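Note sheet for the following structure.
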Amino acid sequence: MLAIVIPYYKLTFFEETLQSLANQTDKRFKVYIGNDASPENPSDLLEKYKGNFDFVYHRFEANLGSISLVKQWDRCIAMIGKEEWLMILGDDDYLENTVVASWYENFTKFNDKSNVVRFACKLIIEDSELIIKPYKHPVWESATDSFYRKFDRISRSSLSEYIFLKRSYEKYGFYNYPLAWNSDDRAWLDFSENKPIYTINESLVYVRLSKLNITGKKNNLKLKDLSSVEFHNFIILNKLKYYNKFKRVKIIRKYHLELKKVKSLEIKDYFFLMRYYLININSYAIKKFLQKYLKT
């Protein structure tokens, strides 16, 4: 019933990922590992874990992750069999040993009521022993509220923490943002189909932040900024109606700052922003906007 998909590229922390799967107290899952033509061969490591849990391994001859990480996810997901639910687990992240058991224990609570399930998580900073306190969430929460808490820096989120229905993925897919930055956030908004996200707080997913992964790298900030502009444009056009005026204004202002950060604003950008400022902000605020940002 549950597929765990691992788009593999890095060997450095991969054994920790595999060991966490071997340690699961409930083995009702199957792992699908798709090697993105990595120069780091995991075959010896996989041989070590053969028989500890059910897995399928395939090495792709062409590297896709450097072109489109979403396309690499897609071809890894295409490996799975009849499982109805799936998780995409990073090759440097790992699970607490009760994650799968907790998922099955909670199944009757969320089945048919939610398309997206998430776990509480802890961040691991670099390869040190520093582990940030757990991030927990409301048991039931709309995808739009979940996004806003992350947007407002009250919470955080990453791909490895989620399990979602395959049919929701097949309907919407992951949007192909640069570096797949924000692709997961967009997915939960799409996949949920206005059903609430269900959270399992009693088991943890450990998410690593290091210089080896996209989140921790600093040489890709321009692409992250471009992705954020495109993603927040989607939020304004499609999700703004779900928020009160205060939250709408914060989202519009953030988008405005992102636009200014990545490029000189063009006239079409001003018209777009003015439209939403006019709808959501009073005349005094519009005047301040004009004074501050339209000066030559």
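Keep in mind that this is a model prediction, so the values were computed, not measured.
Listed for the D91 side chain is a donor-acceptor partner under 3.5 Å among the backbone atoms of Y9. Formation of a donor-acceptor pair under 3.5 Å by the D152 side chain with backbone atoms of I154 is not found in this model. Side chain of D36 to backbone of G65: a donor-acceptor contact under 3.5 angstrom is found. With hydrogens and angles disregarded, a donor-acceptor distance shorter than 3.5 Å links the side chain of T17 to the backbone of D93. Formation of a donor-acceptor pair under 3.5 Å by the N52 side chain with backbone atoms of Y49 is found in this model. At distances below 3.5 Å, at least one donor-acceptor pair connects side-chain atoms of N23 with backbone N or O atoms of Q19.
Contact of the L95 side chain with the Q24 side chain is registered, since non-hydrogen atoms from C-beta on lie closer than 4.5 Å. Here the side chains of Y175 and V70 are not in contact, with every heavy-atom distance at 4.5 Å or above.
Both L165 and I4 belong to a common hydrophobic cluster when Ile, Leu, Val, Met, Phe, Trp and Tyr are linked at side-chain heavy-atom distances under 4.5 angstrom. Hydrophobic clustering of Ile, Leu, Val, Met, Phe, Trp and Tyr side chains at less than 4.5 Å, counting indirect connections, keeps Y242 apart from I236. At a threshold of 4.5 Å between side-chain heavy atoms, the hydrophobic network of Ile, Leu, Val, Met, Phe, Trp and Tyr places F234 and I252 in one connected group. Transitive grouping of hydrophobic side chains (ILVMFWY, heavy atoms separated by less than 4.5 Å) brings Y8 and F29 into a common cluster. By the criterion of side-chain heavy atoms lying less than 4.5 angstrom apart, applied directly or through intervening Ile, Leu, Val, Met, Phe, Trp or Tyr residues, W181 is grouped together with V229 in one hydrophobic cluster.
The side-chain tip of R208 points at the ring of F13 from less than 6.0 angstrom away and within 45° of straight on.
Among F191, Y162, F110, F164, the one residue that satisfies the ring pair (Phe, Tyr, Trp, His ring centres under 6.0 Å) test with W85 is F110. The only member of V100, L89, D54 that meets side chain to side chain contact (heavy atoms under 4.5 Å, CB included) when paired with L21 is L89. Paired with I88 under the rule side chain to side chain contact (heavy atoms under 4.5 Å, CB included), one option of Y169, F174, Y32 passes, and it is F174.
Residues meeting the side-chain contact (heavy atoms from CB on, under 4.5 Å) test with A37, sequence neighbours left out: R59, N63. Partners of A120 under the side-chain contact (heavy atoms from CB on, under 4.5 Å) rule, at least two apart in sequence or in another chain, are K136, N201, L204.
Pairs of residues two or more places apart, or lying in two chains, that qualify as ring-ring contact (aromatic ring centres under 6.0 Å, His included) and include a residue from residues 136-158 are W140-Y198, F147-F151, F147-F231, Y148-F151, Y148-Y243, F151-H232.
Note that NE2 of H58 is 9.0 Å distant from SG of C76, once rounded to the nearest 0.5 Å.
When all heavy atoms are compared, the tightest approach of N35 to Q72 is C-NE2, 4.4 Å. Across every non-hydrogen atom of M87 and V99, the tightest pair is CE-CG1, 4.5 Å. Across all their heavy atoms, G34 and F60 have their closest contact at CA-CE1, 3.7 Å. Closest approach of R248 to L240, counting heavy atoms only: CD-O, 3.3 Å. Considering every non-hydrogen atom in both P138 and T199, the closest pair reads O-OG1, 3.1 Å. Considering all non-hydrogen atoms of both residues, S157 and W188 come closest at OG-NE1, 4.1 Å.
Around the CD atom of E40, the shell of radius 6.0 Å holds more than 12 heavy atoms that belong to other residues, nucleotides or ligands.
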task = Could you walk me through whether R28 and Y104 pass side-chain hydrogen bond (donor to acceptor under 3.5 Å, both in side chains), step by step?
result = CA-CA 9 Å; R28 288 178 290 170; Y104 280 106; 4.9 Å; no
ask   = When you look at D145 and S142, which way does the side-chain hydrogen bond (donor to acceptor under 3.5 Å, both in side chains) test go after all the steps?
value = CA-CA 5 Å; D145 285 348; S142 71; 3.2 Å; yes
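No side-chain N or O of S227 forms a donor-acceptor pair with one of E230 less than 3.5 Å apart.
Ion pairing of R167 with E170 is absent here, as no side-chain N (NZ or NE/NH1/NH2) approaches a carboxylate O to less than 4.0 Å. Under a 4.0 Å N-O distance rule, the pair K171/D190 does not qualify as a salt bridge.
When ring centroids are compared, F53 and F55 come within the 6.0 Å threshold.
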